[in-house]
Amino acid sequence: MSNLAEIMPFSKLMGIEVTDAQADKVEGRLTVRADLCTTGGIMHGGAIMAFADSLGAIGAFLSLPEGAAGTTTIESKTNLLSAAAENSVVLGVTTPVKLGKKLSVWQTRVETEDDKLIALVTQTQLVL
């Protein structure tokens, strides 16, 4: 499968790898590099949010109604629940909460490889 994150320049810069992408579920992974961290060698909250936003955007794009031109995030809420250490790998699983003609809502679970929940992100995508 080609990496859908590659078509989004910021996601490519972050190093996001999409491991599975369907209209009803998107999965990805990201290695926590030093340049994605804050003090203490833990993943920056903004990097966690950007990771989740990228996966949600791919899901929204793959589930666009016929004739839609694209999608954009209009709202995002993140619960930061734990830390991810530098050099670890985080995994994201995004699923739709609601798919509509004008809006879709997505929820992403960001976890470590040993199933520790790092963040729960809910975002709303506007259909363009």
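The figures here come from the full heavy-atom set of this structure, side chains too, leaving out hydrogens, waters and symmetry mates.
- Between Leu117 and Arg109, some side-chain heavy-atom pair lies under the 4.5 Å cut-off.
- Considering every non-hydrogen atom in both Gly28 and Thr19, the closest pair reads N-OG1, 3.8 Å.
- Residues Val127 and Gly100 come closest through the heavy atom pair CG2-O, 4.3 Å.
- Both Leu13 and Phe51 are assigned to one and the same hydrophobic cluster, defined by single-linkage of ILVMFWY side chains at heavy-atom distances under 4.5 Å.
- Evaluation of the salt bridge (Lys or Arg N to Asp or Glu O under 4.0 Å) rule for Glu6 yields Lys12 as partners, not counting sequence neighbours.
- Residues meeting the salt bridge (Lys or Arg N to Asp or Glu O under 4.0 Å) test with Arg29, sequence neighbours left out: Glu17, Glu113.
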Start with the C-alpha gap between Thr122 and Val105, add the side-chain angles, then the distance that decides, and say whether side-chain contact (heavy atoms from CB on, under 4.5 Å) holds. CA-CA 7 Å; Thr122 303; Val105 178; 3.8 Å; yes

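- You'll find the side chain of Leu30 stays beyond 4.5 Å of the side chain of Val89, heavy atoms only.
- The cluster map of Ile, Leu, Val, Met, Phe, Trp and Tyr, joined by side-chain heavy atoms under 4.5 Å apart, puts Ile16 and Met49 in different clusters.
- Listed by chain and number, the residues in a side-chain contact (heavy atoms from CB on, under 4.5 Å) with Thr72 are Ile74, Leu126, Leu128 (sequence neighbours excluded).
- Counting heavy atoms from C-beta on, the side chains of Thr108 and Leu120 never come closer than 4.5 Å.
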Give the C-alpha distance, both sets of side-chain angles, the deciding distance and a yes or no for side-chain contact (heavy atoms from CB on, under 4.5 Å) between Ile48 and Ile118. CA-CA 9 Å; Ile48 294 169; Ile118 301 301; 3.7 Å; yes

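- Ser63 approaches Leu99 most closely through the heavy-atom pair OG-CD2, 3.7 Å.
- Nearest heavy atom pair, residue Gln125 against residue Ala60, reads CG-CB, 3.5 Å.
- From Asp114, atom CG reaches atom OG1 of Thr112 across 3.5 Å, with rounding to the nearest 0.5 Å.
- Residues Val32 and Ser88 have side chains in contact (heavy-atom distance under 4.5 Å, counting atoms from C-beta outward).
- The closest side-chain donor-acceptor pair between Trp106 and Ser104 falls under 3.5 angstrom.
- Residues Asp24 and Thr95 are not in side-chain contact: their nearest non-hydrogen atoms beyond the backbone lie 4.5 Å or more apart.
- Distance check: Ile58 CD1 to Asp20 CG gives 11.0 Å after rounding to the nearest 0.5 Å.
- Under a 3.5 Å cut-off, the side chain of Arg33 and the backbone N or O of Met14 do form a donor-acceptor pair.
- Hydrophobic clustering, with ILVMFWY side chains joined whenever heavy atoms are under 4.5 angstrom apart, groups Met8 together with Leu36.
- Under the side chain to side chain donor-acceptor pair (under 3.5 Å) criterion, the residue pairs touching residues 50-60 are Ser11-Ser54, Asp53-Thr73, Asp53-Gln123, with sequence neighbours excluded.
- Partners of Lys116 by salt bridge (Lys or Arg N to Asp or Glu O under 4.0 Å), not counting sequence neighbours: none found.
- Hydrophobic clustering (side-chain heavy atoms under 4.5 Å, transitive across Ile, Leu, Val, Met, Phe, Trp, Tyr) groups Leu55 together with Phe10.
- By the salt bridge (Lys or Arg N to Asp or Glu O under 4.0 Å) test, Glu86 pairs with no residue at all, sequence neighbours left out.
- Side-chain contact between Lys25 and Val93: present, with at least one pair of heavy atoms (C-beta onward) separated by less than 4.5 Å.
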Run Met43 and Val90 through side-chain contact (heavy atoms from CB on, under 4.5 Å) and show every step you take. CA-CA 10 Å; Met43 190 174 185; Val90 292; 4.1 Å; yes

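- Smallest separation of non-hydrogen atoms from Ala52 and Thr94: O-OG1, 4.5 Å.
- A salt bridge is absent between Glu75 and Lys77: the closest approach of a Lys/Arg side-chain nitrogen to an acidic carboxylate oxygen does not fall below 4.0 angstrom.
- Considering every non-hydrogen atom in both Gln22 and Val26, the closest pair reads O-CG2, 3.7 Å.
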